[in-house]
Amino acid sequence: KIVDDGFAGDHRFLTARDRAFRFVVNDTSVFRLDLSQRRTAGVGLRTQPESRCPELLATYCDLLLRKSQTSRKLDSEQIEQKLKDVVKVLVYIQNKDVFMRFHKSHLTRRLILDTSADSEKEENMVNWLRDSGMPADYVNKLGRMFQDIKVTDDLNMQFKDRSRQEGMESIANIVNVKILNAGAWARGSGRTPVSLPMELEDYIPVVEGFYKTKHEGRKLQWSHSLSNGVLVFGTDVGKFDLEVTTFQMAVLCAWNQRPRSDLTLNDLRLATELPEQELRRTLWTLVNQPKLKRQVLLFEPKVSTARDFTDATIYRINHQFCVVKNSQPQKRGKVPLIGKLQLGTEQGRGEDSESIIALRVFRIQEAIIKIMKMRKRLTNAALQTELVEILKNMFLPQKKMIKEQIEWLIEHKYLQRVTDDMNTFEYLA
């Protein structure tokens with residue numbers, strides 16, 4: 001508006017405006033993000049700091065699209081306009097792959113936990129991202145995620161109807177299954193092992209048997225890190241509905257047959273079979289919930305972080321647990337304990353960084369081979385120019401990373417240097 005009204009839409013001011021926006025949103029002194037420096041396949045160089053703006057934009061979108069205090073204060077038109085503004089800013093972002101990663105992570109969380117404020121706006125956002133020039137493969141995966149949820153809703157209704165017809169009323173009322181396409185939803189993480197409570201273990205073959213009748217030849221892989229549920233938690237004060245992750249459920253169910261017992265870290269390792277880091281993280285969410293005045297679990301001796309837990313640490317159920325409102329203990333209530341633990345959002349910062357770097361390595365290698373396969377012979381400068389042109393809609397590749405990937409491809413016999421010109425490469429069929 002300033003450019004249009006004050007400067008009659010002069011193209012020089014438009015250029016200056018665009019240059020200023022691009023500088024600010026990609027400035028590491030304003031928004032700084034240090035990506036992982038761990039060595040992954042094909043990467044051994046330290047990556048340079050990047051702007052954190054893409055991650056912040058993805059988080060802001062999540063606040064607008066999720067059932068949150070921010071979205072409740074705005075009407076539908078205001079939310080839509082703010083989302084469009086985000087897309088406008090996104091055009092100036094150099095490393096859009098960071099936004100993609102975090103936006104998909106937040107979307108996964110909203111769809112799994114059913115916390116989207118408006119499904120229509122969710123799908124509109126996908127269309128706006130497509131129109132803004134975001135990579136088609138990324139946008140298409142987001143579209144498949146919505147499709148999976150719709151198909152799953154129909155499948156769940158069929159499963160519940162069949163369960164009732166076969167006299168399994170309990171499973172129809174308790175279990176809600178989401179069948180997700182691994183190609184669209186996968187985050188690159190391995191499956192986390194966990195020993196499920198017996199009540200859940202009994203339902204797994206029933207669900208698998210039903211699915212095989214609908215889709216012969218397909219195999220289900222259970223992703224417990226994406227799962228959640230509600231536990232009825234009885235204490236001396238009352239009964240409370242705890243909204244928990246599967247890992248939290250596994251930990252709490254370790255006390256099912258011995259509610260007054262003290263358990264050690266090793267006892268819980270054996271009972272849950274969770275990896276050490278995941279067990280510690282899960283326990284910390286049960287003993288240190290900032291919004292709760294009374295914690296679900298008690299422990300001693302006191303420590304300040306989950307890393308400080310030792311084999312000497314003792315855990316017990318807090319039988320005085322309750323929801324406190326206006327300084328008054330309540331006998332009933334719903335207690336959300338999932339927080340940021342679910343779906344790897346909390347644990348995933350380092351993992352996300354490593355995944356972003358690994359995907360960039362793959363994209364660079366793929367693009368170099370695509371260019372060289374077509375050109376057959378190319379100078380280093382020309383190769384880098386074409387590479388940046390191909391990848392600019394996803395990220396701006398660093399020269400050090402390009403150099404290292406070229407060396408990797410030479411080492412693995414995809415390319416070779418021309419004998420009489422070391423700055424020229426040839427493609428090896």
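Side chains included, hydrogens not; waters and symmetry mates left out as well; all remaining heavy atoms used. Throughout, residue positions are numbered sequentially from 1 according to the sequence presented.
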**Q** Angle class for the F99/H103 ring planes (parallel below 30°, perpendicular above 60°, tilted otherwise)?
**A** parallel
**Q** Can you check whether L274's main-chain N or O pairs, donor with acceptor, with T272's side chain at less than 3.5 Å?
**A** yes
**Q** For the residue pair W408 and Y414, does the interplanar ring angle fall in the parallel (under 30°), tilted (30 to 60°) or perpendicular (over 60°) class?
**A** parallel
**Q** Do we see a donor-acceptor contact under 3.5 Å between the side chains of D154 and Q158?
**A** no
**Q** Is a side-chain N or O of S68 found less than 3.5 angstrom from the main chain of L63, in a donor-acceptor match?
**A** yes
**Q** Verify the distance criterion only: is there a donor paired with an acceptor across the side chains of S304 and D308 at less than 3.5 Å?
**A** yes
**Q** Give a yes or no on whether the backbone of Q320 and the side-chain of R294 come within a donor-acceptor separation of less than 3.5 Å.
**A** yes
**Q** Going by side-chain contact (heavy atoms from CB on, under 4.5 Å), I79 matches just one of L64, T70, D118. Which one?
**A** L64
**Q** Can you check salt bridge (charged side-chain N to carboxylate O under 4.0 Å, His left out) on D311 and R269, steps first, answer last?
**A** CA-CA 10 Å; D311 287 338; R269 280 195 205 104; 2.9 Å; yes
**Q** Is the number of heavy atoms from other residues, nucleotides or ligands under 6.0 Å of K212 NZ greater than 12?
**A** no
**Q** Around M157, counting heavy atoms of other residues, nucleotides and ligands shown, do more than 12 lie under 6.0 Å from its CE?
**A** no
**Q** Decide if the gap between the ring center of Y92 and the ring center of F21 is smaller than 6.0 angstrom.
**A** yes
**Q** Is the closest side-chain donor-acceptor distance between D62 and T59 under 3.5 Å?
**A** no
**Q** Hey, does P336 have a side-chain heavy atom less than 4.5 Å from the side chain of E243?
**A** yes
**Q** In terms of relative ring orientation, are H224 and W222 parallel, tilted or perpendicular, with 30° and 60° separating the classes?
**A** parallel
**Q** Indicate the atoms forming the closest heavy-atom contact of T235 with H319, along with that distance.
**A** CB-O, 3.4 Å
**Q** Are the side chain of S105 and the backbone of R101 linked by a donor-acceptor contact shorter than 3.5 Å?
**A** no
**Q** Could you give me the CA-CA distance, side-chain angles and deciding distance for E426 and K376, then say whether side chain to side chain contact (heavy atoms under 4.5 Å, CB included) is met?
**A** CA-CA 6 Å; E426 286 183 331; K376 303 303 181 185; over 6 Å; no
**Q** Give a yes or no on whether the ring-centroid distance for W284 and F309 is below 6.0 angstrom.
**A** yes
**Q** Flag the pair L242 / V232 as yes when at least one side-chain heavy-atom distance between them is below 4.5 Å, and no otherwise.
**A** no
**Q** Is it true that, when you exclude R307 itself, more than 12 heavy atoms of the residues, nucleotides or ligands shown sit nearer than 6.0 Å to its CZ?
**A** no
**Q** When you measure from the centre of the six-membered ring of F299, is the NZ or CZ of R316 under 6.0 Å away and within 45° of the axis?
**A** no
**Q** Does R375 have more than 12 heavy atoms from other residues, nucleotides or ligands lying within 6.0 Å of its CZ?
**A** no
**Q** Are the side chain of D75 and the backbone N or O of Q78 linked by a donor-acceptor pair below 3.5 Å?
**A** yes
**Q** Quick one: does any side-chain atom of Q248 pair with a main-chain N or O of L337 as donor and acceptor, under 3.5 Å?
**A** yes
**Q** What's the shortest heavy-atom distance between V230 and M249, and which atoms?
**A** N-CE, 4.4 Å
**Q** Can a side-chain donor-acceptor contact be found between K88 and S132 if the only test is distance below 3.5 angstrom?
**A** no
**Q** Per the side-chain contact (heavy atoms from CB on, under 4.5 Å) rule, which among I93, V98, I356, I364 passes with F395?
**A** I364
**Q** Does the distance from a Lys or Arg side-chain N to an Asp or Glu carboxylate O, for R110 and E122, drop under 4.0 Å?
**A** yes
**Q** Does A184 offer a backbone N or O that forms a donor-acceptor pair with the side chain of K104 under 3.5 Å?
**A** yes
**Q** Examine distances only and state if a side-chain atom of N326 and a backbone atom of Q328 form a donor-acceptor pair shorter than 3.5 Å.
**A** no
**Q** Please round to the nearest 0.5 Å and tell me the distance separating atom CZ of F247 and atom CD1 of I338.
**A** 12.5 Å
**Q** Donor-acceptor pair, W255 side chain versus S261 backbone, under 3.5 Å?
**A** yes
**Q** Between I179 and V151, does the side chain to side chain contact (heavy atoms under 4.5 Å, CB included) criterion hold? Intermediate values first, please.
**A** CA-CA 8 Å; I179 310 295; V151 171; over 6 Å; no
**Q** Could you state the interatomic distance from OG (S223) to CD1 (I112), rounded to the nearest 0.5 Å?
**A** 8.0 Å
**Q** Considering non-hydrogen atoms only, spot the tightest contact between A382 and L378 and give its length.
**A** CB-CG, 3.8 Å
**Q** So, does D27 use its side chain to make a donor-acceptor pair with the main chain of F23 at under 3.5 Å?
**A** no
**Q** I'd like to check K82 versus Y60 (side-chain heavy atoms, cut-off strictly below 4.5 Å). Are they in contact?
**A** yes
**Q** Does a side-chain heavy-atom distance below 4.5 Å link M100 with P135?
**A** yes
**Q** Other residues, nucleotides and ligands only: do more than 12 of their heavy atoms fall within 6.0 Å of NZ on K399?
**A** no
**Q** To the nearest 0.5 Å, tell me how far Q165 CD sits from K160 NZ.
**A** 14.0 Å
**Q** Do the side chains of L231 and F240 get nearer than 4.5 Å, heavy atoms only?
**A** no
**Q** Mind running side chain to side chain donor-acceptor pair (under 3.5 Å) on R162 and T213 for me, showing each step along the way?
**A** CA-CA 12 Å; R162 177 173 165 177; T213 64; 3.2 Å; yes
**Q** Could you check whether atom NZ of K413 has more than 12 heavy atoms from other residues, nucleotides or ligands sitting under 6.0 Å from it?
**A** no
**Q** Please indicate whether E276 has more than 12 foreign heavy atoms, meaning atoms of other residues, nucleotides or ligands, lying under 6.0 Å from its CD.
**A** yes
**Q** Just so I know, are the side chains of L391 and L396 near enough to count as touching, which here means a heavy-atom distance under 4.5 Å?
**A** no
**Q** Measure the CD-CZ distance between Q405 and R363 for me, rounded to the nearest 0.5 Å.
**A** 14.0 Å
**Q** Grab the two heavy atoms, one from T192 and one from P275, that are nearest each other, plus how far apart they are.
**A** CG2-CD, 3.7 Å
**Q** To check you understand the geometry: which heavy-atom pair defines the closest contact between T28 and S51, and what is its length?
**A** CG2-N, 3.8 Å
**Q** Roughly how far, to the nearest 0.5 Å, is CG of D236 from CD1 of I317?
**A** 11.5 Å
**Q** Can you tell me how far CZ of F146 sits from CG of L142, rounded to the nearest 0.5 angstrom?
**A** 7.0 Å
**Q** Could you check whether any side-chain heavy atom of F321 comes within less than 4.5 Å of a side-chain heavy atom of L292, counting everything from C-beta outward?
**A** yes
**Q** Please step through side chain to side chain donor-acceptor pair (under 3.5 Å) for the pair K121 and S76, ending with a clear verdict.
**A** CA-CA 9 Å; K121 283 189 176 55; S76 179; 2.4 Å; yes
**Q** Testing N228, L196, V251, L226 for side-chain contact (heavy atoms from CB on, under 4.5 Å) with T246, which one passes?
**A** L196
**Q** Determine whether L252 and L286 make a side-chain contact, defined as any pair of heavy atoms from C-beta on separated by less than 4.5 Å.
**A** yes
**Q** Check this for me: Q257, atom CD, are more than 12 non-hydrogen atoms of other residues, nucleotides or ligands nearer than 6.0 Å?
**A** no
**Q** Would K400 and E404 pass as an ion pair if we require N to O under 4.0 Å?
**A** no
**Q** Search all heavy atoms of N156 against all heavy atoms of V175 and return the closest pair with its distance.
**A** OD1-O, 4.5 Å
